[in-house]
Amino acid sequence: MELNQYIKLIKSNILIVLALSLFGMAIALLMTKSYPQGFAQDQTFFISSQLGQDSDPNQQNNNPQYFEQEKARNFTDSAVAIIESSDFKNEVQNQQGFISAKKVSPQVVRISTSAQTPEAASSLMEKTVSSINQKLITLGQPDLSLKPIAKAQDPSKVQINKQIFALTGLLLGFAFGILAISLKTYFRL
């Protein structure tokens, strides 16, 4: 097929291409509403063991300290799973924001919070850390706790660019429309 035949094919099926393009743009705009917007805050924490820190350095047997550090190292995945659980999130969030956690390395966890205001994001971070430390005590791990590695950064503004999403949806809808009329012509439907 030559280019002129493609152009004629698109002109004869312009309504299908336009409808699918607008449908793609509408879907993209609806998707922007599901993304969290507002302010986000990240902070990195170290899972530490108090028993290993309180032991006497002059002792001959350092095995208890080693096992306590190993226990903290192995607990990292469990801490992330607890924070990511829906029960913990419902308990802490109270419809005021969003919480996520990620294991960075053994004993290191990054917690992210987002909310509508910077104050809400900061208070959600504080509430999350105190709740997980309290949860560790109730789970029978009173010697483990989350300690911040560095001072928390100020919450930053998170906003989705709706124009870029709309343009992307429009282009994807246009490409799908071209594909649809190409398949329609190929199969002679």
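Just so you know, residue 1 is the first one in the sequence shown, and it goes up from there.
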Side chain Gln107, main chain Thr76, donor-acceptor under 3.5 Å: no
Leu29 backbone acceptor or donor facing Thr32 side chain under 3.5 Å: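 Answer holds: yes.
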Report yes or no: do [X] and [Y] belong to one cluster of Ile/Leu/Val/Met/Phe/Trp/Tyr joined by side chain heavy-atom distances under 4.5 Å?
| X | Y | answer |
| --- | --- | --- |
| Val80 | Phe75 | yes |
| Leu20 | Ile178 | yes |
| Phe176 | Ile14 | yes |
| Leu18 | Ile10 | yes |
| Leu144 | Leu139 | yes |

Taking all atoms of both residues into account, what is the closest heavy-atom pair of [X] and [Y], and its distance?
| X | Y | value |
| --- | --- | --- |
| Ala152 | Gln41 | CB-NE2, 3.4 Å |
| Phe39 | Ala121 | O-CB, 3.8 Å |
| Ile82 | Phe88 | O-CB, 3.1 Å |
| Asp77 | Lys103 | OD1-CD, 3.0 Å |
| Lys89 | Ile83 | CG-O, 3.5 Å |
| Gln43 | Lys151 | NE2-C, 4.2 Å |

Measure the spacing between [atom1] of [X] and [atom2] of [Y] and express it to the nearest 0.5 Å.
| X | Y | atom1 | atom2 | value |
| --- | --- | --- | --- | --- |
| Ile137 | Ser145 | CD1 | OG | 8.5 Å |
| Glu91 | Ile99 | CD | CD1 | 9.5 Å |
| Glu2 | Lys8 | CD | NZ | 9.5 Å |
| Leu167 | Met25 | CG | CE | 9.5 Å |
| Thr138 | Leu136 | OG1 | CG | 7.5 Å |

Using side-chain heavy atoms (C-beta onward) and a distance below 4.5 Å, is [X] in contact with [Y]?
| X | Y | result |
| --- | --- | --- |
| Phe98 | Leu124 | no |
| Thr44 | Val109 | no |
| Ile132 | Phe45 | no |
| Ile111 | Met125 | yes |
| Ile27 | Phe23 | yes |
| Ile16 | Lys184 | yes |

Atom CZ of Phe165 with >12 non-hydrogen neighbours under 6.0 angstrom: yes
Ile7, CD1 atom: more than 12 neighbouring heavy atoms under 6.0 Å: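 Yes, CD1 of Ile7 has more than 12 neighbouring heavy atoms, counting only those of other groups under 6.0 Å.
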